[in-house]
Every structure is written in structure tokens, then in C-alpha cells.
Amino acid sequence: MNNEHEPRADRPLVRREDRGTVAVLHLDDPDRRNVLSSRMVQGLVDAVDACEQDGTVSAIVLTGTGPAFCAGAELDNLLAAAKGEEHRLREVYAGFLRVASCLLPTIAAVNGPAVGAGLNLALACDVRLASEEALFDCRFARLGLHPGGGHTWMLTRAVGHQVATAMLLFAQPLTGHAAADAGLALRCLPGPELVDAAVTLGGRAAGTDPALLRTIKQTLRESGAEPDFPRMVDTEFDRQVRSLHQPAFTEALEGARARRRTGPRP
């Protein structure tokens with residue numbers, strides 16, 4: 001990851017493509033395998049901010065340009081952190097943590113290797129689709145580096161303790177098919193079908209009230225960390241009651257009644 005290979009400063013490293021109500025964010029530094037450089041991170045943060053503020057976007061798809069999804073942190077940032085500039089690690093974290101905090105539904109279309117912090121980026125998304133060329137590789141220990149950025153928390157919740165242990169302690173990467181088998185990816189597809197499938201999935205969110213989607217996403221996050229089932233029932237009860245009083249529920253109920261009245265009779 002040498003500086004002389006950096007793309008021109010005036011070229012964005014995150015390219016947005018609008019496909020209906022779905023914003024596809026392409027990590028676009030293929031010569032460096034879409035590493036999380038400071039510019040890449042800032043571009044990603046800015047793109048997610050813009051999507052959240054755009055009322056026409058129902059979901060975000062994140063994918064890589066070229067053969068890789070994301071090769072992880074730029075080595076210059078790691079070297080600087082090793083020399084005492086620990087804040088450079090936080091700069092790397094900022095990209096995938098912004099994706100993790102995104103209010104919109106997010107899908108990672110993992111088109112190739114997702115390595116280290118690049119795997120964090122995939123884990124930060126709500127759903128992952130993998131191509132047959134995908135590779136999910138922690139790689140931290142092989143670099144003499146402890147995982148960071150919430151990696152163990154996200155990975156364990158995605159695949160369970162045993163698979164996470166194999167990936168982190170025994171350097172066991174997962175191919176696209178193996179990731180789907182382990183639950184790390186929703187499914188594995190041929191590369192040419194990957195982004196289209198992610199866009200189709202993301203488009204299914206378009207007919208749902210955006211405020212309701214955001215609340216459900218918040219509840220899903222809380223449920224993964226809440227050990228008390230009765231407390232989670234109470235949380236869902238309060239939010240379900242609140243949703244009953246929203247216009248979206250009234251409109252959906254009237255639509256269901258109308259379909260019943262006009263539907264075929266036995």
C-alpha cells in the first residue's frame with residue numbers, strides 16, 4: 001500500500017450508483033484492493049451521510065470495484081499507530097462504524113476477499129451476500145495484530161463461538177459457499193449476479209415506512225445483546241403499540257381490507 005500508488009486526489013474513492021430506491025456504494029480503489037485509507041474512509045462516511053439524508057433511498061448496497069471487496073486497513077495507518085499515533089486506528093474504524101450506525105438497511109455484496117478491517121466492513125452491514133469469488137479472512141493474528149473495531153463481537157454474533165474461533169485462532173478463512181453455510185452470508189451467488197441480487201433484496205424495503213424500518217433495525221440490534229427475554233418482550237410490546245398509532249399501519253390495514261373485499265371467492 002505505497003503512497004505512489006494512490007489514485008489522484010481529485011478522484012472519489014467511493015462511487016454512488018442509484019438503482020431505483022437502492023444506493024449502491026462502490027469502493028473504488030481497485031489497484032490497492034479498496035484498502036481503508038483515510039480518503040476511502042472519509043468518502044464512505046460522506047456517502048452514508050448523504051444516503052441517510054436522501055429521502056428517496058430505502059437501502060444501501062456496499063460492494064468493491066475490481067477483484068477485492070476490501071483488503072483491510074492501509075498499512076501506513078497501522079505503522080503510524082505502532083509509532084504512537086494510536087488515533088490512526090480510530091480513523092480506520094470510522095468507516096465501518098459509520099456503516100454499522102447507519103439508520104438505513106445495509107447489504108454487503110462481497111465480491112472478493114474481505115480481509116481484516118475489510119471483514120469488519122462486511123460485518124457492519126445488516127445482511128451479506130457473497131460471490132463465489134468471496135473470501136472472508138480475519139488475518140489479524142497472522143499480522144501479529146489483535147482484532148480491533150469490535151471484530152470479535154460482530155463475528156461471534158454472526159457465526160457463533162466455534163466458527164469465530166477457527167477463523168481468528170486457526171487462520172481459517174471462509175469462501176463464499178462456506179460463509180453461506182456458516183450463516184455469515186445469506187447466500188452465495190455467481191459473481192455476475194451478485195450486485196443485481198443485492199439490489200433486488202434492498203428494493204424490497206422500499207414499500208415499508210422508513211421510520212418503522214429504523215425502529216425494527218434498532219430492536220434487532222438490542223435483541224442480540226439483551227439476555228432477558230421478558231424485557232425484550234416488553235420492549236417489542238411498547239414499540240408495536242406505538243406502530244399501531246402510525247399512519248403507515250392505518251394505510252396498510254385499509255389496503256389489506258380492500259384486497260379482501262375484492263379478492264377471489266371460493
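This chain uses plain numbering: 1 for the first residue, then up along the sequence.
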- [ ] Taking the side chain as every heavy atom from C-beta outward, state whether Glu74 and Asp29 have any atom pair closer than 4.5 Å.
- [x]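 Sidechains of Asp29 and Glu74: no contact.
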
TODO: For Ile60 and Val24, run side-chain contact (heavy atoms from CB on, under 4.5 Å): C-alpha distance rounded to whole Å, both residues' side-chain angles, the deciding distance at 0.1 Å, then the answer.
DONE: CA-CA 6 Å; Ile60 294 173; Val24 182; over 6 Å; no

Open item on the list: Can you give me the closest heavy-atom contact between Val199 and Val61, atom names plus distance?
Closed with: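 Closest approach of Val199 to Val61, heavy atoms only: N-CG2, 4.1 Å.
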
- [ ] Spell out, as yes or no, whether a donor-acceptor pair under 3.5 Å connects the side chain of Asn77 to the backbone of Ser37.
- [x]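 No: the side chain of Asn77 does not pair with the backbone of Ser37.
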
Open item on the list: So for atom NE2, which belongs to His87, do other residues, nucleotides or ligands contribute more than 12 heavy atoms lying within a distance under 6.0 Å?
Closed with: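 Enclosed.
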
Open item on the list: Between Ser58 (side chain only) and Ala205 (backbone N and O only), is there a donor and an acceptor less than 3.5 Å apart?
Closed with: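 The answer is no, because no donor-acceptor pair under 3.5 Å joins these two groups.
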
Open item on the list: Please find the pair of heavy atoms, one from Leu36 and one from Cys70, that lie closest to each other, and give the distance.
Closed with: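 Shortest heavy-atom contact: CG-SG, 3.6 Å.
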
Open item on the list: For Leu194 versus Ala130, what's the shortest heavy-atom pair and its separation?
Closed with: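 Heavy-atom minimum between the residues: CD1-C, 3.7 Å.
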
Task: Heavy-atom check, side chain of Leu25 versus side chain of Cys51, under 4.5 Å - done: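 Yes - at least one pair of side-chain heavy atoms lies under 4.5 Å apart.
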
TODO: Please lay out, stage by stage, how Arg98 and Glu52 fare under the test salt bridge (charged side-chain N to carboxylate O under 4.0 Å, His left out).
DONE: CA-CA 11 Å; Arg98 182 63 187 92; Glu52 279 191 348; 2.7 Å; yes

TODO: Kindly say whether Pro12 contributes a backbone atom to a donor-acceptor pair with the side chain of Arg15 at under 3.5 angstrom?
DONE: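 No, the answer is negative, given that no donor and acceptor are paired below the 3.5 Å cut-off.
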
TODO: Could you tell me whether the side chain of Arg88 reaches within less than 4.5 Å of the side chain of Val92, counting heavy atoms only?
DONE: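 They are not in contact (no side-chain heavy atoms under 4.5 Å apart), so the answer is no.
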
Open item on the list: Which heavy atom of Ala206 sits nearest to which heavy atom of Thr21, and what is that distance?
Closed with: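 Residues Ala206 and Thr21, closest heavy atoms: CB-OG1, 3.5 Å.
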
Open item on the list: Donor-acceptor pair, distance only, cut-off 3.5 Å: does the side chain of Asp137 make one with the backbone of Gly116?
Closed with: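 It does not hold such a pair.
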
Open item on the list: So does Leu103 get a backbone contact from the side chain of Lys217, meaning a donor-acceptor N/O pair under 3.5 Å?
Closed with: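 Between the backbone of Leu103 and the side chain of Lys217 there is no qualifying donor-acceptor contact (under 3.5 Å).
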
Task: Within-4.5 Å side-chain heavy-atom neighbours: Arg239 and Arg242 - done: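 The answer is yes; the side chains approach within 4.5 Å.
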
Task: CZ (Arg157) with more than 12 external heavy atoms under 6.0 Å - done: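 Above 12, so yes.
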
Open item on the list: To the closest 0.5 Å, what do you measure between CG (Leu155) and CG (Leu123)?
Closed with: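 If we round to the nearest 0.5 Å, Leu155:CG and Leu123:CG are 5.5 Å apart.
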
Open item on the list: If we ignore hydrogens and angles and just use 3.5 Å, is the side chain of Ser131 paired with the main-chain N or O of Gly191 as donor and acceptor?
Closed with: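 It does not hold such a pair.
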
Task: ILVMFWY network linking Val14 to Val45, side-chain heavy atoms under 4.5 angstrom - done: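 Yes; Val45 is reachable from Val14 via cluster members.
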
Open item on the list: Grouping I, L, V, M, F, W and Y whenever their side-chain heavy atoms are under 4.5 Å apart, do Leu119 and Leu44 come out in a common cluster?
Closed with: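 Yes, because Leu119 and Leu44 connect within a single hydrophobic cluster, where side-chain heavy atoms sit under 4.5 Å apart.
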
- [ ] Nearest 0.5 Å please: distance from the CG atom of Leu186 over to the CD1 atom of Ile107.
- [x]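 Leu186 atom CG to Ile107 atom CD1 measures 9.0 Å (nearest 0.5 Å).
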
TODO: Find out if a path of hydrophobic residues (ILVMFWY) with successive side-chain heavy-atom gaps under 4.5 Å connects Val115 to Phe69.
DONE: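 Result: no, two separate clusters.
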
- [ ] Identify whether Val57 and Leu62 are in the same connected component of the hydrophobic contact network (ILVMFWY, side-chain heavy atoms under 4.5 Å).
- [x]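 Yes, it is one cluster - the side chains of Val57 and Leu62 are joined through contacts under 4.5 Å.
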
Open item on the list: Quick check on Arg11: does its CZ atom have over 12 non-hydrogen neighbours (other residues, nucleotides or ligands) under 6.0 Å away?
Closed with: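 Count over threshold, so yes.
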
Task: Distance in Å, Asp126 CG paired with Leu213 CG, rounded so as to fall on 0.5 Å steps - done: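 Answer rounded to 0.5 Å: 10.0 Å.
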
Open item on the list: Using side-chain heavy atoms (C-beta onward) and a distance below 4.5 Å, is Val163 in contact with Leu174?
Closed with: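 Answer yes - side chains close enough.
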
Open item on the list: Is any side-chain heavy atom of Glu133 closer than 4.5 Å to one of Pro67?
Closed with: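 Pro67 vs Glu133: side chains apart.
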
Open item on the list: Donor-acceptor check, side chain of Asn120 to backbone of Gly148, threshold 3.5 angstrom: yes or no?
Closed with: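 Pair found, side chain donor or acceptor close to backbone of Gly148.
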
Open item on the list: Please give me the minimum heavy-atom distance between Leu97 and Gly149, naming the atom from each residue.
Closed with: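 Shortest heavy-atom contact: CD2-O, 4.2 Å.
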
Task: Euclidean distance, Leu121 CG relative to Met40 CE, rounded to 0.5 Å - done: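 So the gap between those two atoms works out to 9.0 Å.
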
Open item on the list: To check you understand the geometry: which heavy-atom pair defines the closest contact between Val41 and Gly95, and what is its length?
Closed with: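 It is CG1-N, 3.4 Å.
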
Open item on the list: Is any side-chain heavy atom of Phe140 closer than 4.5 Å to one of Pro147?
Closed with: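 Counting from C-beta outward, Pro147 and Phe140 do come under 4.5 Å.
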
- [ ] Measure the CG-OG1 distance between Asp31 and Thr65 for me, rounded to the nearest 0.5 Å.
- [x]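 Here the interatomic distance stands at 11.0 Å.
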
Task: Common cluster, Val159/Phe96, ILVMFWY with side-chain heavy-atom separation under 4.5 Å - done: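 Cluster IDs for Val159 and Phe96 match.
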
Task: Validation row: Glu236, Ser223 side chains within 4.5 angstrom (heavy atoms) - done: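 They are not in side-chain contact.
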
- [ ] Please check if atom CZ in Arg231 has more than 12 non-hydrogen atoms from other residues, nucleotides or ligands closer than 6.0 Å.
- [x]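 For Arg231, atom CZ is not crowded (no more than 12 foreign heavy atoms under 6.0 Å).
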
- [ ] Examine distances only and state if a side-chain atom of Arg128 and a backbone atom of Leu184 form a donor-acceptor pair shorter than 3.5 Å.
- [x]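 Yes; judged by distance alone, with no hydrogens or angles, the pair exists.
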
Task: Thr235 OG1 to Gln240 CD distance, which is reported to the nearest 0.5 Å - done: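 These two atoms lie 12.5 Å from each other.
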
